[in-house]
Amino acid sequence: MILEARSLVHAYAGGVEALSDLCLTVPRGQRLAILGPNGAGKTTLLMHLNGTLRPSAGQVLLDGQKVGYGRADLNRWRRRVGLVLQEPDDQLFAANVAEDVSFGPLNLGLPEAEAAQRVAEALESLRISHLADRPTHMLSFGQKKRVAIAGAVAMRPEVLLLDEPSAGLDAMGTAHLLAALDRLQAMGTTLVFTTHDVDLAWAWSDAVALFHQGRVIGQGTAEQILGDADTLAQVHLKPPFALALGLKARQMGWLDFDQDLPRSRADSLALLDRLGR
Amino acid sequence: MILEARSLVHAYAGGVEALSDLCLTVPRGQRLAILGPNGAGKTTLLMHLNGTLRPSAGQVLLDGQKVGYGRADLNRWRRRVGLVLQEPDDQLFAANVAEDVSFGPLNLGLPEAEAAQRVAEALESLRISHLADRPTHMLSFGQKKRVAIAGAVAMRPEVLLLDEPSAGLDAMGTAHLLAALDRLQAMGTTLVFTTHDVDLAWAWSDAVALFHQGRVIGQGTAEQILGDADTLAQVHLKPPFALALGLKARQMGWLDFDQDLPRSRADSLALLDRLGR
Amino acid sequence: MHIMEGFLPAGHALAWTAVSAPFVFVGVARLRKVLRDRPEMRLTLAAAGAFAFVLSALKLPSVTGSCSHPTGTGLGAMVVGPAATTVLGTIVLLFQSLLLAHGGLTTLGANVFSMAVAGPWIAFGVWKLAGRLGAPVGLAVFLGAALGDLGTYVVTSAQLALAFPDEISGYGGAFAKFAGIFALTQIPLAIAEGLLTVVVMNALVGR
Amino acid sequence: MIEADRLAHVSRWRPLPLAEKSLLSLGLLILAMALPPWPGGALVLAAASASALRSGVPTVAWLRLLAAPSLFIVTGAATLLVQVGGDGFALAADGGAQAGALMLRALAAVSALLLLTVTTPMAALLHGLRRLGLPEELVEVTMTTYRFIFILLDTASAMHASQMARLGGQSWRTRIRSAGLLAAALLPRALDQARRLEVGLLARGYDGSLRTLAPAPAPRLRRLALIGGGLAALAGVGLWM
């Protein structure tokens, strides 16, 4: 477990608990989706996972070690765990892209040459090297999202926390973003992302934690969690379309139990195609 | 045609055309989806349809009459055509809900008692009467969206223009919103909405206008436009999942040509169920 | 440098209100004239006021270890001018006293004078003067913002000294006492505010 | 989230007429200023606290609200303990009594002001000022400022979190730079928000003024008299003791 949350409590000023006794484990190298409806406190949880917020009770463990909240502890922690918020405009500060991405590396105290190297690398891994000199306010929303991620990637975190990465993106924008995140995972980065979209969680996660009223009410493989329609219904969610279709196909005997369930729209249509033949 | 755009041109300061020679017709009483990728200029188009922007060439017709851009003309126009922006914080300015919704009716010059009546009615039609005294900044995103719509509805427009109504909403939030909009349509309001989501357009529109590079490159029934995979591909969009499935089912002979195509996830699963039997 | 609610004797509270009132009246009159010609400025001014409030909620690191916040008056004077800053500053001070219990209604007049009248005018004057004397843009901004902040603090110390003269050394001694105590936090803070304003103005020009 | 603002919106006294609440709070504020600090200030502090708790403010929240300004009051009052003479600093003869009186008066005044803010949402206060003749434009700018404050606070705190995640709080130098960049990014965002709101309002028939309905319950004379009587009694006790 690279990251772990044990019985986290986060109480708001009004006495309302945004997180109550929340437990979560993040296995190294995986893509973990934190799935739940809007306003459930998913963003608050991410902020606890990199020490932006401090729990009123409970602990966060990094690599099995309890983390501290002193300045040096937080620095070490945030170097290893990067955070990308939902709204890219909240995360871009400098006049142009390269300058913005260099914010983190320079704060790490790296010499300029090395910081520049990190920036080039991060832009390349997001496939936005051509944007390096572009003023940030002239980017499209999808480009801004990728620049914001590059800003975190330039610090070479082991874990990247992403708040609703696909929010506001159209189909093509989402595809580009997920491809970039796939490359990061291939290089060894653990990815944790929040979403309210069951189809995205099914298409693009290894493990799912189901979030409801300040707790994780279930964590397991995507199939275990997303295939459990009754539990999903408690959270006012429906099973992913492709999964429902796949399960129906299995039930009808059109799909063998050792065959993979369709994950995406393309998989599902391919399955129907095979049926037709 | 309650609204019509004829050869609209909107040129940006940089000389780039956001709309070029755009034509669109809005039939009375329908739900028209303006479908296209992000950044294509859909929002700009909506702003032309209620006179917030003035075209550099071309015309907008309201009920077959050319509209003017004088203050009195604009007032009459905006009274009949309401606009709801994507981001509710761009439209809510007052400290609490009822006050905010009263802004439009008072601008119409209605006496206070009648304005209060309109506010109550609008809140009720969106099923948010219980929020009347709530401070604006303490609402959830989904609630804010509905308050913003109520603000437009309180002016009793004949046409309601909605920019990406489901953006940022989770499945339940979207369902609530669409149910409210259904009620408005049942009361006679014509609905025009932009979206980049083909599944939403298919599930919830009568007619679709396909938007690409500042033009409407096709307008017709949802089935005509969304069933045409080749044209959609030009705009980097894919056919809706349920429609693709329905067409495949027809092609396989599982669904008769006189039977309705599945529109939603529920329809699609029901179709598969029937197949199984 | 807010004087808290109830801190000034009634007579002083009334007197400072009377001193500040004309500045606010003139500012409001000018504002109404601007708003008649350009109604949409309502929203722009509101955004600027909210920005100033939020800026004052921003914690600045200070050398003494305690956290303090920028006054933003220098920035305001340079961006929207000192007269408009008086009105916006008054609105912000009202919100600070009502929402955060920082400042107060009885001390609003005194606080308006130090933070929304003296501070902005000093900052504006120093900034213009330094520019005219040929100082580099960055230095002029720094001096304006830093001295505007310091000016605010000197005025506040004087206001407190007038209200609470020393038994032995009178007003002078009292001023030395108040100025001395606040110097610990205010001088580093003035420097921080100067630097911050330079960063902000540079970034704004760069956009 | 601002604590006093949140409390006002959930207060049991929120629906009560503004005139009644402001007569009580501002009356107490005037008494705090006018009566001798002992026992007047103590009486005002007790009355304001009792009223606040009765209006539904939890005790802990009330104490927390009072604590923040108290810190400033104590530092300010501490200067009265010393005096400066020809031979440097010395303890003032009656400095303790003076500082104590000052702290009591200030605390009483703060509690009276807080009583108003934890029972009355800002919108109601501003509508009250409008009815008292504050220029329309000023009320509108103030009201919109209030609305923008919450939007910008959210934005600023997200910006801050993102800077800290990228180690923008490492040293004094990086913190100044981060704060400057944040302010510089926030100001155009604020102005942009204003422009977008203008477009949004134009679509709703905005013609330059921001009128809204502002229903206000009428004050009841009997209760006003009751509150006035209470204040007079408090003044009497304060002066007589």
Side-chain angles (χ1 to χ4, degrees), chain C residues 2-7 10 13 28 31-32 35 39-40 42-51 53-55 57-58 60-61 63 75 79 87 91-92 94-95 97-102 104-106 160 164 166-169 173-174 176-178 181 192 195-196 198-200 202-204 207, chain D residues 2 4-5 29 32-34 65 68-69 72-73 75-76 79-80 82-85 92-93 102 105-110 113-114 117 122 125 135 137-138 140-142 144-146 148-149 152-153 156 172 175-177 179-184 186-188 190-191 193-194 197-198 208-210:
Chain C
H2 296 73
I3 301 180
M4 303 307 291
E5 182 68 283
F7 209 81
V28 169
L31 190 86
R32 294 181 76 174
L35 289 180
E40 75 285 355
R42 277 173 175 74
L43 302 177
T44 310
L45 288 170
F51 169 75
F53 181 93
V54 172
L55 193 70
L58 202 72
L60 263 195
V63 174
L75 183 64
V79 176
V87 181
I91 293 176
V92 170
L94 182 73
F95 279 132
S97 53
L98 290 176
L99 294 174
L100 308 174
H102 201 53
L105 293 184
T106 62
L160 289 172
F164 305 104
D166 195 88
E167 295 271 315
I168 301 170
S169 46
K177 268 193 318 194
F178 285 110
I181 284 184
L195 292 173
L196 176 95
V198 173
V199 178
V200 178
N202 277 343
L204 287 180
R207 266 160 211 278
Chain D
I2 296 171
D5 179 74
L29 181 57
M33 298 300 291
L65 284 174
F72 290 92
I73 293 173
T75 355
T79 48
L80 299 189
V82 293
Q83 53 186 216
V84 194
L102 176 56
R105 184 180 72 203
L107 203 59
V110 165
L113 177 65
L114 275 172
T117 55
M122 196 58 70
L125 275 179
E137 296 93 332
L138 202 58
E140 290 174 358
V141 170
T142 311
T144 322
T145 304
Y146 174 72
F148 278 146
I149 281 175
L152 291 186
L153 271 179
W172 192 78
R175 282 199 298 281
I176 286 281
R177 181 157 174 272
L181 288 176
L182 194 156
L186 193 62
L187 182 54
L191 299 176
Q193 178 74 45
L197 184 63
E198 192 196 333
S209 94
L210 295 166

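Computed over heavy atoms, backbone and side chain alike; hydrogens, waters and symmetry mates excluded. Chain identifiers are assigned alphabetically (A, B, ...) following the order of the sequence lines, protein sequences preceding nucleic acid strands; residue numbering begins at 1 within each chain.
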Counting heavy-atom pairs under 4.5 Å to chain D, which of Leu99(C), Leu100(C), Val79(C), Leu105(C) comes out on top?
Leu99(C)
Which bit of Leu107(D) comes within less than 4.5 Å of chain C, counting heavy atoms only: side chain, backbone, both or neither?
neither
Please classify the contact of Ala156(D) with chain C as side chain, backbone, both or neither, using a heavy-atom distance under 4.5 Å.
side chain
Contact part of Phe95(C) toward chain D, heavy-atom cut-off under 4.5 Å: side chain, backbone, both or neither?
side chain
Name the option with the most non-hydrogen atom pairs under 4.5 Å to chain C; the candidates are Leu153(D), Thr144(D), Leu187(D).
Leu187(D)
What's the spacing between Gln193(D) CD and Thr44(C) OG1 if we round to 0.5 Å?
12.0 Å
Counting heavy-atom pairs under 4.5 angstrom with chain D, the leader among Val200(C), Leu75(C), Val199(C), Leu94(C) is Val200(C)
For the pair Phe164(C) and Phe7(C), name the ring-plane relationship: parallel under 30°, tilted 30 to 60°, perpendicular over 60°.
perpendicular
Check whether Leu31(C) gets within reach of chain D through its side chain, its backbone, both or neither, counting any heavy atom under 4.5 Å.
side chain
Can you tell me which of Pro39(C), Gly173(C), Ala50(C) forms the most heavy-atom pairs within a distance under 4.5 Å of chain D?
Ala50(C)
In terms of heavy-atom pairs under 4.5 Å with chain C, which of Ile73(D), Leu102(D), Asp5(D) leads?
Leu102(D)
Turns out that what part of Ile91(C) lies under 4.5 Å from chain D's heavy atoms comes down to side chain
Spacing of CG belonging to Leu55(C) relative to CG belonging to Leu182(D), to within rounding of 0.5 Å:
8.5 Å
Are any of the side-chain heavy atoms of Ser209(D) and Glu140(D) separated by less than 4.5 Å?
yes
Looking at CE of Met4(C) and OG1 of Thr75(D), how far apart are the two atoms once the value is rounded to the nearest 0.5 Å?
9.0 Å
Can a donor-acceptor pair be found, under 3.5 Å and without considering hydrogens, that links the side chain of Thr106(C) to the backbone of Gly6(C)?
yes
Identify which part of Ile2(D) has an atom lying under 4.5 Å from any heavy atom of chain C, answering side chain, backbone, both or neither.
side chain
Given a strict heavy-atom distance threshold of 4.5 Å, which part of Leu98(C) is in contact with chain D: side chain, backbone, both, or neither?
both
How about Thr145(D) and Phe53(C): do any of their side-chain heavy atoms sit closer than 4.5 Å?
no
Any side-chain heavy-atom pair of Pro135(D) and Arg32(C) under 4.5 Å:
yes
Could you look at Val198(C) and say if it's the side chain, the backbone, both or neither that has a heavy atom under 4.5 Å from chain D?
neither
Should the pair His102(C) and His2(C) be assigned to parallel (<30°), tilted (30 to 60°) or perpendicular (>60°) ring geometry?
tilted
